[in-house]
Structure formats: C-alpha cells, structure tokens
Amino acid sequence: MQFSVRSFPRAILHVDGDAFFASCEVARNPRLRGKPVVTGKERNIAASMSYEAKRRGVTRGMPIGEIRRVCPDAVILPSDYETYSLYSRRMYEIVRRFTPTIEEYSIDECFADLTGLRRLHKTSYENIAAAIKKELARDLGMTFSVGLGPNKVIAKVASKFAKPDGFTIIPAKKIHRFLADLPVGKIWGIGGSTSAYLNKLGVITALDFASKDRLWIEQSRFSKPYREIWQELRGDFVLELELSPRRDIGSIIKSRTFTPPTADRAFVFSQLSKNIENACIRAREHGMRAKVVAFYLRTSEFSHKGLELCLAVPLAVPTEIIKIVGNNFDKVYRSTIRYRATGVVLSSLVASGAATLDLFGETGRIEGMRTVFDTIDMLDRRYGKHTVFVGSSAVAMAEPQHTGERASIPDRRRHLFKGESKRQHLNIPFLGKVK
DNA sequence: TCTGGGGTCCTAGGACCC
DNA sequence: TCTGGGGTCCTAGGACCC
C-alpha cells in the first residue's frame with residue numbers, strides 16, 4: 001500500500017475529553033476526585049461516569065437503581081449542562097492559545113490544525129500536541145485523550161487508541177500499524193450498516209479497507225462520505241476542518257429602526273430592551289461579557305443621543321443590563337421628541353472563561369441569572385430564538401407592525417419574566433421547573 | 001400538441017454522529 | 001451491545017420549467 005511519503009503533510013489534532021461530564025463535576029468539586037461519579041440523575045439513567053465508576057461496572061444508560069446496586073458508594077448527580085458548556089468553551093480557548101484553526105466539533109471534542117506552526121513554537125508537532133494536552137489538564141483539572149495524525153479520520157483513530165489520558169501520534173508512514181487490528185466499524189463515520197456491508201465484501205479491518213484500490217471503491221458503489229474516509233485512511237487530507245469563529249470580538253452592536261416614529265416612552269424602552277437582549281445572546285454565544293454598555297436613541301430628525309455606562313462587574317445578563325440602562329434612560333429620553341430607532345453597544349468584552357475563573361465565588365444573584373440564561377440559550381438552540389424572552393421586551397416582541405416581523409407569534413413564546421422582580425421560577429414546559 | 005434532454009428545487013429516507 | 005433524542009450529510013426521486 002502506498003501511503004504518504006511525508007509524516008505530516010498536514011498535522012491535525014483531535015482532543016477528546018475523558019468522561020467529560022463526570023470530569024467537569026470533579027473539576028468543580030475536588031472532593032469528588034477518586035470517587036465513582038455518575039451524571040444523569042434527572043433522567044434516571046447514567047449519562048456519563050468517571051473511570052472509577054466504569055471500573056465498578058457502571059455503564060452508559062444503566063438505570064440509577066442498578067447503579068446503586070453494583071456501586072453503592074457512587075455519587076450520582078443531575079446533569080448540569082451550563083457548567084459543561086462553560087468547561088467546553090474553556091477547552092476551546094486553551095487550544096486557541098496554540099492555533100486559531102480549530103473546529104469545535106462537540107461539547108467534549110475538537111479538531112485543530114497545527115500545520116505550519118513548528119516555526120512559531122520552535123518545536124515538533126508532537127511537542128506542540130503535548131503542550132496543549134498539558135495546559136488542558138493543568139487549567140481545567142481533568143484529562144483529555146489527544147491524537148495527532150495527517151487528517152481528521154486518523155487523528156480520531158489516534159485519540160481513541162489510548163484512553164483515558166492518552167497521547168498517540170500517527171505519522172502517515174505508520175498508519176498501517178494502527179489500522180491492522182482495528183475493526184472497520186470502529187472508524188469514525190462507518191456505522192453498523194456499512195460495516196456489515198464491508199464484512200460481506202471480505203473487508204474486516206480498517207487496513208483491509210485502506211488497502212483496496214480506487215477501482216474497487218468505485219465498483220462497490222460507496223457514497224461520497226465513505227470514499228473520503230477511504231482516502232483519509234490512506235493518509236490523504238480530504239476532510240476540511242469546519243472552522244469555528246473566534247470568540248474574542250471587540251464589541252457587539254444591536255439596533256433597530258421602527259416606523260412610525262414615536263415618543264411613547266414604554267415602547268421606545270421596550271425596543272431598547274429587545275436590542276439589549278439580542279446583544280446579550282450574541283455575547284454569550286461568544287462566551288464574552290461586557291464591561292461597558294452604551295445605548296442611544298435616534299430621533300426622527302436623524303440626530304442621536306446616547307450614554308456610555310461602565311459596569312462594576314462584566315455582564316452578559318440582559319435583566320441586569322436592562323435595569324442599569326433603565327436607571328439612566330431618562331438622562332437621554334425626552335417626552336417631547338419622537339424617536340425612530342434605538343441601539344445598544346456592548347464593548348470592552350472579556351472572555352467569560354477568564355472572568356469566571358473565580359466563577360463559583362461570584363455573587364449568588366447574578367450567578368443564578370447566568371444559569372437561567374444559559375438554559376434559555378440551550379432552549380433557543382433547540383427550539384429557535386426567542387422561545388423565551390424577558391418581560392420588558394414583551395411589547396417589542398408582540399408588536400410586529402412596528403418592527404416588520406411576522407404577525408404570528410408561536411405558542412411556545414411564553415412570557416416568563418413578570419415585570420422585573422428579582423427571583424423567579426421559570427415554568428419552561430419542556431424541562432419542568434427551572435430556577 | 002408531442003417528444004426529449006437538462007437544469008433547479010424540494011422532500012423523504014438512510015446512515016451516522018454525539 | 002443496548003438505551004435515546006437531536007442534528008447533519010448524502011442520495012434518489014418527483015415536480016416543474018425551459
């Protein structure tokens with residue numbers, strides 16, 4: 001078989017969190033270290049378990065009752081996706097210290113392209129990969145299995161080769177050694193149906209597949225994804241990384257014009273609230289919080305007037321920002337002037353990760369809100385934006401004739417925040433009660 | 001009105017992933 | 001190996017138009 005001559009025509013890294021959810025729980029609460037930890041209590045089945053729990057016989061999907069039987073001292077916790085996604089963002093940020101070319105593949109995995117970075121870091125690809133792995137463990141308090149290969153498929157083989165805490169380098173010339181004993185169905189992208197078909201054709205191991213020639217592949221009528229996997233198993237680089245945008249943007253602007261112009265204070269403020277909400281969604285998408293908030297009102301004569309506010313604590317929580325802006329709104333608003341637009345600028349953004357290294361020491365109230373809005377972000381991703389929205393934006397959401405939005409408002413748009421009282425219990429129909 | 005090739009768009013279903 | 005829900009990608013086929 002003819003594999004690539006060079007070891008790393010491209011140097012692709014795959015990083016895979018070990019027992020990620022359980023590891024996040026341990027990282028957050030060091031007293032759990034060394035104990036059998038299981039998450040998934042809210043669904044009554046194990047979603048993720050520490051290696052201590054795995055050694056005691058706990059498996060994915062095992063009912064809680066059975067877990068207690070096989071491992072009576074298991075620490076069983078409900079899933080806390082807000083925390084897991086926070087650790088996930090931190091993971092990406094650490095990898096980004098070494099390369100901007102990263103694909104955020106899933107909550108506990110990413111790919112990174114190290115090609116061309118030997119000069120910058122003045123060392124080999126292997127040493128760069130080792131340094132990334134070391135910083136991940138040091139800064140996150142959990143282990144990762146890391147694989148380096150000439151493409152994504154081989155990098156995946158490498159990271160799976162030794163788990164947990166694995167570190168596997170597969171230069172193109174050594175690929176065949178790693179594929180010889182690997183069942184073809186273990187390859188990323190080859191599932192049960194295709195491996196059954198391959199087995200019928202006499203292809204049992206990944207090496208069997210990689211050794212087939214192009215004519216055989218064409219005659220066997222494989223679709224594009226399988227032809228690409230076959231190429232990558234031979235050492236070619238085919239599957240591009242789907243690059244995830246950097247999160248450290250400088251500022252976020254949200255503005256909206258409405259017609260006709262109006263002097264209605266409540267309406268203008270609700271428009272501004274809606275912009276703040278949208279800007280905060282953006283900030284949280286990027287894992288950032290603002291230290292400075294500016295808002296402005298544009299008059300029907302196209303002049304505009306605004307105010308810049310410095311926050312004591314970096315925020316990406318709309319209710320807090322809306323409250324602060326509300327306290328300063330009348331410094332800008334005049335009841336005799338008709339307005340045609342509002343806008344908000346969030347600037348001096350800081351990464352939530354950096355700003356929250358002392359995350360669990362922050363004030364309870366804001367921390368509670370952060371959890372609420374992480375949950376809302378999750379619902380937005382799942383059910384579409386503005387499934388839930390804050391009370392002061394309700395007028396803006398419900399008046400399509402002013403904003404040009406479609407008139408129909410889906411049933412699941414529930415008004416969850418009554419007024420601006422501080423602590424609410426949100427009745428989110430899909431999740432039950434969320435605090 | 002018919003024949004026919006070729007393009008675009010949409011949908012359904014299969015396969016696979018986390 | 002199974003559980004389960006949600007999402008993406010690809011392909012094939014149908015409808016439609018020129």
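On a predicted model such as this, the values are computed, not experimentally measured, just so you know. Chain letters run A, B, ... following the sequence lines, proteins first, then strands; residues in each count from 1.
- Between the NZ atom of A/Lys224 and the P atom of B/dC16 there is a distance of 17 Å, given to the nearest Å.
- Judged purely by distance below 3.5 Å, without hydrogens or angles, the side chains of A/Asn275 and A/Thr342 pair a donor atom with an acceptor atom.
- The distance between atom NZ of A/Lys186 and atom P of B/dC16, rounded to the nearest whole Å, is 14 Å.
- At B/dC18, one or more side-chain N or O atoms of A/Lys156 fall inside 4.0 Å of OP1 or OP2 (strictly under the cut-off).
- Nucleic acid contact class of A/Ile45 (heavy atoms, under 4.0 Å, all strands): none.
- Remark: the A/Glu25 side chain and the A/Tyr84 side chain contain an N/O donor-acceptor pair separated by less than 3.5 Å.
- Separating the CZ atom of A/Phe111 from the C1' atom of B/dC18 is a distance of 12 Å, rounded to the nearest angstrom.
- Inspection of the A/Asp18 and A/Ser145 side chains reveals an N or O donor paired with an N or O acceptor under 3.5 Å.
- Between the CG atom of A/Asn44 and the C1' atom of C/dG5 there is a distance of 17 Å, rounded to whole Å.
- In this structure, of B/dC18, C/dT11, C/dC9, it is C/dC9 that holds the atom nearest to the side chain of A/Glu242.
- Counting non-hydrogen atoms under 4.0 angstrom, A/Phe222 reaches nothing in the nucleic acid.
- A distance of 6.0 Å or more separates the ring centres of A/Phe209 and A/Tyr226.
- Between A/Ser193 and B/dA15 there is a side-chain N or O to OP1 or OP2 distance below 4.0 Å.
- Among the atoms of the strands shown, only primed sugar atoms or phosphate atoms (P, OP1, OP2) are found under 4.0 Å from some heavy atom of A/Ile187.
- Between A/Arg10 and A/Asp113 a salt bridge is recorded (basic side-chain N to carboxylate O distance below 4.0 Å).
- For the pair A/Tyr226 and C/dC10, the criterion of a side-chain N or O lying under 4.0 Å from OP1 or OP2 is not met.
- Residue contacts for A/Thr194: at a heavy-atom cut-off of 4.0 Å it reaches the sugar-phosphate backbone alone, with no base atom in range.
- Atom-to-atom, OH of A/Tyr81 to P of B/dC18 comes out at 16 Å; the value is rounded to the nearest Å.
- Proximity note for A/Arg221 (side chain, C-beta onward) versus B/dC17, C/dA12, C/dC10: the nearest is C/dA12.
- Candidate nucleotides C/dT11, B/dA15, B/dC18 were compared by shortest atom distance to the side chain of A/Arg227, and C/dT11 ranks first.
- Look at CH2 on A/Trp188: it is 8 Å from P on B/dC18, rounded to the nearest Å.
- In this structure, a donor-acceptor pair under 3.5 Å is absent between the side chains of A/Thr83 and A/Tyr87.
- In summary, the side chains of A/Ser124 and A/Glu126 do not present any donor paired with an acceptor at a separation below 3.5 Å, with no hydrogens or angles considered.
- One can place CD of A/Glu228 at 18 Å from P of B/dA15, the figure rounded to the nearest angstrom.
- In this structure, CG of A/Asp108 is placed 12 Å from C1' of B/dC17, rounded to the nearest angstrom.
- The strand DNA chain B forms stems, runs of 3 or more Watson-Crick or G-U wobble pairs with distances below 3.5 Å, at B:5-18 with C:5-18.
- Looking at A/Glu277 and A/Lys274, no side-chain N of the basic residue comes within less than 4.0 Å of a carboxylate O on the acidic one, giving no salt bridge.
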